[in-house]
Each structure stands twice: as C-alpha cells, then as structure tokens.
Amino acid sequence: MYLAMKNAEIARIFAEIADMLDFLGDSPFRVRAYRAAARYLTGLDEPIERIAQGGEKALDELPYIGHDLAQKILEYLSTGRVRKHEELKKKVPAGVLQIMRVPGVGPKTAKLLYDELGITTLAELRAALNDGRVLGLPGFGEKKVERLRHSLRLVEAAAKRHPLGEVLWQARELVARLESLPQVEHAALCGSARRYKETVGDLDLLAASRRARAVADAFVRFPEVDEVLLAGAGRATVFLKTGLQVDLKVIEPDSWGSGLQYFTGSKDHSIHLRGLAMDRGLKINEYGVWKGAERIAGASEAEVYGALGLPWIPPPLREDRGEIEAAQEGRLPQLVSLRQVRGDLKVFPKWGDKDSLADLAKAAASRGYGYLAVADRSSLCAAGEAGLQEAKKLVAEIRRLNESNDGKPYLLSGAEVGILPDGRLECPDEILAQLEVVLVSVRSHYDLDRQAQTRRILRALENPYVHVLARPTARKIDERAPIEADWERIFEFAARSGKAVEIDGFYSHIDLPDTLARRAAELGVTLSLSSGAKALDQLRFMELALGTAQRAWLSAKQVLNSRDLRQLRSWLARVRGQ
DNA sequence: GCCGTTTTCGGCCCGACTGTTTTCAGTCG
Ligand SMILES: Nc1nc2c(ncn2[C@H]2C[C@H](O)[C@@H](COP(=O)(O)OP(=O)(O)OP(=O)(O)O)O2)c(=O)[nH]1
Ligand SMILES: [Mg+2]
Ligand SMILES: [Mg+2]
C-alpha cells in the first residue's frame, strides 16, 4: 500500500489463506502462522521484493517467515499468484469469510452454517435466524439466536477502525471518569491507542480495583454508553453512542503492571514475551509473572519485563518488530519524547480574529515551544509582483509579532508549497527566498504513475530553497489512498541532500505513517514533526506525530525539531548552502 | 505454518465469558 505495495499484497493473501484454513478446520497453529506472517508483512518497512533479492535465505531470516512462506513470497513475486491461495479459494465459497466477521461467529459456526444450511451471505444468515431454521443445529438455542440476530446489526461497527485522533481525547475523559469512581485506584488507556497506532478498532480501558463487579456495573451505566454487549465480573464490552466500541477490564491493584502489559499488547508482542517466560520455566498472565504457584512480579510493568531480564519497553515499540531482541541485547532506542520537541514545524494561520497569530503564539508558548513554523498556503503564490508583495507582508507581520512577544516562541515565516506534476513548485524562487522555512507537498495529480511521481518529488527536493518534504504520501486515512512512489529513492535522496521529511500528525493524515517513517530513518533521513494545526486546539496533534515517531523507533537526534531555535536556524541555513 | 545455547520433532500464550454442555467448545481479548 505505501512504500511497500508488495508487502501489503502478500500480507493480504496470507491473511486470506489463514481465514480459509481456519474455516476448513486446519491446524490452529498453521492458521496463526499465516496470520502472524501477514501482520508482520503489513508492518514491515522494507520492500519485500528488495529483501527477496537475497533469495529464500534472506526471506527465511525474517521472523514469522520460514521455508514455506519464503517460497510463497518468491512465487508471488515471480508469478503474481500463490497456488495455495487459488486452490483454497476453489474450496471455500466466497462469502463465508463475511459470515466469520459477525461478532460471535467464528470458523466453527460459519462452517456449521454452511454445511447444514448452505449459508454464504449475511442476508441468508439473517433469514435463517428469523425463520428458526438454525434452531435445530447443535449448540444453537434461543439465546444464541437472539445474540446473533443482534450481532448482525453490529458487523460494520465492529469492523470499523477509527483514526486515533478522533477518539484519543474522548478516551482520556472516560479514563478520568473511571478514576473518579470511589472504588477505582488507577485507570489507564491501553491497547492500540496506548501504542499510538494511527487507527484503533476499539478503546481498551484498564481499571484497578478490589471491587471489580461494582466498577463494571458503574461503567456500563456511563451516559455515553449506548448498548452493553457483555458484562462479567472482571470485564465489560460496550458500544458508545458514537459507535465506538470500548472494552473495560478490571483487575486487582496488585496486578496493575501485569494487567497493563497484557492489555497493551500487542498480541504478537505478548505471545513472544510469554514464550520467553516459558523457556525460563515462568508463566505470564494478566495477574503477574509466576514461578509455579509463586508470584514473582506484576505490580509494575517494569517488574514484569524485569522478571525476564529485560528493560521496560515503551508501548509504541510493542509490535514484535524486533523490540524484544533489541531489549535483550541492550539496544533499545532512546525514543524521542514530547519534552524534547522544541517547536511545531507546521501550523496553518488560516484563523480569523478568534485564533489570531498572537493567540497561536501564546498557545505554543504554553506548550513550551521555542518556535513555530507558520506555513501560509494561500495567497503567496499569486503570479508576479502580487505574490511577492504578499510574501513580504507575511514576513513583516511575523517580524512584528516576534518583536512584540520577544520571540517567545519565535515564529518562522514559511509556506507549504504545492509540487506541480512536473516537479516545479507553485511558487517562484524569489518568493521562497523570502521565507525562513519552505515545505513542499503533493496536493494535486495524486494518480501519476510511480515513476512520474518519484521524478516529480525528487525534482521538487532539488530546489535549493526547499527544506522539508511535507505530507509525503498525501493520503487521507480511509479517504484517499497514498500516492505511489519509489520511497527508497526519495529517502535516499533526502538523506544525501540533507533535507528533512515530515511526519504530519494531523489526525486524518498521519503522514509519513509509522512504517515509512521507520524506513526513512533507517536510510538516514531526518524527520520533521508537526501538528498541521488549522486551529488553536489542534496543536495537540503534535502528540500523534510524536507517537508515530516513536513507533518508527526515532531518537531525538533523528528529529529536526528536537533542535533548539539556534540549531534549527543553522540547519535551515545549511540546507540552503549558507 | 514457525522455531531451536535444552530440541530438527514436537512444542506452539493464557484466561474470561457465554450458552448449552452434564463437563466443555467456541469466541474473543
Ligand atoms: N495474551 C493475549 N493478549 C491479547 C490477545 N488478544 C488481545 N490481547 C490483548 C492485547 C491487545 O492489545 C489488547 C486489546 O485487544 P484488541 O483486540 O482491542 O487489540 P488492539 O487494541 O491491540 O488493536 P485494535 O486497534 O483494537 O484492533 O488485548 C491474545 O490472543 N492473547
Ligand atoms: Mg483495541
Ligand atoms: Mg479490545
């Protein structure tokens, strides 16, 4: 899909093979192997075809990929197909995989429904539930039928993923409310949100309390709860009125650390960790680390990792993408932190009187920023003299503000300039020369082919006034696919020419995405973090850029805006050869 | 399917909840 289109294609094939094998009742371990490989490829930052140049041996060295899957990858790369996949598709009717998407219906139930009633579509399932045909089936009673009938209405909501920035702050309000319950000692947001994944399937909330049942009962009565799917002693699953699914788990305060570790995942990370524990004769569950009947850790996460001889691993790294090996070998990265972000490298001053530049400067100052790159994207590029006048006006206004607020924070004059299809910029160089920082981005002609798109971006980066490639993939989550380009070449060029590439944290963009950002950094690129804020309260999207940077394994020195103002300005000058 | 300073065969994370089960299978996190 992104850098690595083949990675995504092969991942999809492996995931489909897993579903079909699952349906057919194949070994659950084989199913898991295909699923885990699919997840691994989805997050793999290097193009698989590049790795495959090293042959089967190189592929076999990847985790979750052994001899068989390496062969299948090579088969796909040379023929565009995987025979096993094609053969399974002949055996498994299209549509039954849809049936398995219904909450509460797994491979066994789907198979039963197909074998006994020939059900292959959601409509057929609905009909069979309504006319009572399913009642004769083994394991089907009144309650189950009612439950599935209800589930059918939830297929879409349950499958939906939400951009993290659409739900993160609401999630924190829920956590605060849980914490304010008298029985609750701590509460935290876990799951993919704590790992700063760009989208989340649900919210996973953990609470510590000695009275689990009371907490779950109070939670399902929160006013934003629309319906309760499940409410047991230690957990509850609900849908909010917003359509968001929320899982609550309640554990004893003693188990806070192991509970956090369990509920933060990722699943693959935890399985790997638990495997290490087994090798040492230990057992990890959400209640602690156990040596026989004796509990040897669990109060804090650091204790859990410590019981395996590992340092604490930051949640954004917990994807089983090499972080456990790095922890074992003492080479975890020193991840960049929010405190180390000295400024925001892109905000859009499109605000009316309400959110003036001065207000913005104040808001930025209260976040502790030393600088703010003000990116105009409107009138600067007017043809001829008019544009130049606009640019000079902007620069003058910013200078005035810097004088009046004593440069706290210092506002940098800048622009995000569109790249024309041929790689020239929408703004002439005389105007760019007026500005302290110039970002460029693709914001038209998204569908150029890979070669043309790559040429276009490289040419734009060659412009000596350009500092940063912004919103590189131009995607919008769930709305616009990323452009196709040879990111390896682009990153190599950026690294060589000393230009930065952006991670725009604006919630619907997150661009670069995590895996591409990791690859960029591996190739020596410096990343520039920004909120992309168009309003005052959007400065907080910097946190999403930062979370993405952490998922990309970035340390402070790989992040442009971990530099203070003086260092930043000398970097900006150096890019322009000054 | 993968994996291996105990193994190249025989393991593979572990538990909660539900419904229908008369002792547990299926699904999910
Ligand atoms: N040990 C173990 N933990 C699991 C398993 N499935 C889920 N978990 C833990 C780790 C997950 O991060 C956490 C929450 O489960 P979710 O299904 O909500 O997954 P997660 O939040 O990671 O991704 P999401 O964005 O919700 O799809 O529960 C599992 O099979 N085994
Ligand atoms: Mg989740
Ligand atoms: Mg969940």
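Quick note on labels: first sequence line is chain A, next is B, and so on, each numbered from 1. For clarity, every value in this text was computed on a predicted model and none was experimentally measured.
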Counting primed atoms, P, OP1 and OP2 as sugar-phosphate and everything else as base, the B/S/- map of nucleotides 4-10 of chain B against protein heavy atoms under 4.0 Å is --B----
Please classify the nucleic acid contact of [X] as base, sugar-phosphate, or nothing, using heavy-atom distances under 4.0 Å.
X: Ile271(A); result: base
X: His67(A); result: sugar-phosphate
X: Ala233(A); result: sugar-phosphate
X: Gln245(A); result: sugar-phosphate
X: Ile65(A); result: sugar-phosphate
X: Glu142(A); result: sugar-phosphate
X: Pro63(A); result: sugar-phosphate
X: Lys111(A); result: nothing

Counting only side-chain N and O atoms of [X], is one of them less than 4.0 Å from OP1 or OP2 of [N]?
X: Lys283(A); N: dG15(B); answer: yes
X: Lys267(A); N: dC28(B); answer: no
X: Thr109(A); N: dT27(B); answer: yes
X: Arg30(A); N: dG1(B); answer: yes
X: Tyr64(A); N: dC12(B); answer: no
X: Arg147(A); N: dT18(B); answer: no
X: Lys144(A); N: dG26(B); answer: no

Comparing Leu230(A) with Ala70(A), nearest DNA chain B nucleotide closer to 5' gives the residue Ala70(A)
Comparing Ile284(A) with Leu229(A), nearest DNA chain B nucleotide closer to 5' gives the residue Ile284(A)
Practice prompt. Carefully, step by step, assess Arg39(A) and Asp268(A) under the rule salt bridge (Lys or Arg N to Asp or Glu O under 4.0 Å).
Written response: CA-CA 9 Å; Arg39(A) 281 195 295 265; Asp268(A) 291 328; 2.7 Å; yes
Does NZ or CZ of [X] come closer than 6.0 Å to the centre of the six-membered ring of [Y], within 45° of the ring's axis?
X: Arg35(A); Y: Phe14(A); answer: no
X: Lys111(A); Y: Tyr114(A); answer: no
X: Arg519(A); Y: Trp487(A); answer: no

Point to revise | Heavy-atom check, side chain of Trp256(A) versus side chain of Glu185(A), under 4.5 Å | key: no
* To do: Could you walk me through whether Arg551(A) and Asp514(A) pass salt bridge (Lys or Arg N to Asp or Glu O under 4.0 Å), step by step?
  => CA-CA 6 Å; Arg551(A) 289 177 64 81; Asp514(A) 51 11; 2.8 Å; yes
In terms of heavy-atom contacts, Glu56(A) and His67(A) come closest through OE2-CD2, 2.8 Å
Mate of dT8(B) across any strand shown (Watson-Crick or G-U wobble, both atom pairs under 3.5 Å) is none
I want to verify a distance call: between [options], whose nearest atom is closest to the [X] side chain?
X: Tyr287(A); options: dC2(B), dA16(B), dC14(B); value: dA16(B)
X: Lys108(A); options: dT18(B), dG26(B), dG1(B); value: dG26(B)
X: Pro107(A); options: dC14(B), dT27(B), dG1(B); value: dT27(B)

Task: Interatomic distance at P, dG19(B) relative to dC12(B), whole Å - done: 30 Å
P spacing across the pair dA16(B) / dT22(B), given as an integer number of angstrom:
24 Å
Which of His85(A), Arg83(A), Lys84(A), Arg81(A) passes side-chain hydrogen bond (donor to acceptor under 3.5 Å, both in side chains) with Glu75(A)? Answer is Arg83(A)
For [X] and [N], what is the distance between atoms [atom1] and [atom2] respectively, to the nearest whole Å?
X: Arg274(A); N: dG29(B); atom1: CZ; atom2: P; value: 15 Å
X: Leu112(A); N: dT20(B); atom1: CG; atom2: C1'; value: 14 Å
X: Leu41(A); N: dG1(B); atom1: CG; atom2: P; value: 15 Å
X: Arg32(A); N: dC2(B); atom1: CZ; atom2: C1'; value: 9 Å
X: Leu24(A); N: dG1(B); atom1: CG; atom2: C1'; value: 15 Å
X: Asp204(A); N: dA16(B); atom1: CG; atom2: C1'; value: 15 Å
X: Leu260(A); N: dG29(B); atom1: CG; atom2: C1'; value: 15 Å
X: Asp22(A); N: dT27(B); atom1: CG; atom2: C1'; value: 11 Å

Test side-chain contact (heavy atoms from CB on, under 4.5 Å), reference Phe239(A), set Val246(A), Leu229(A), Asp202(A), Leu244(A), output is Leu229(A)
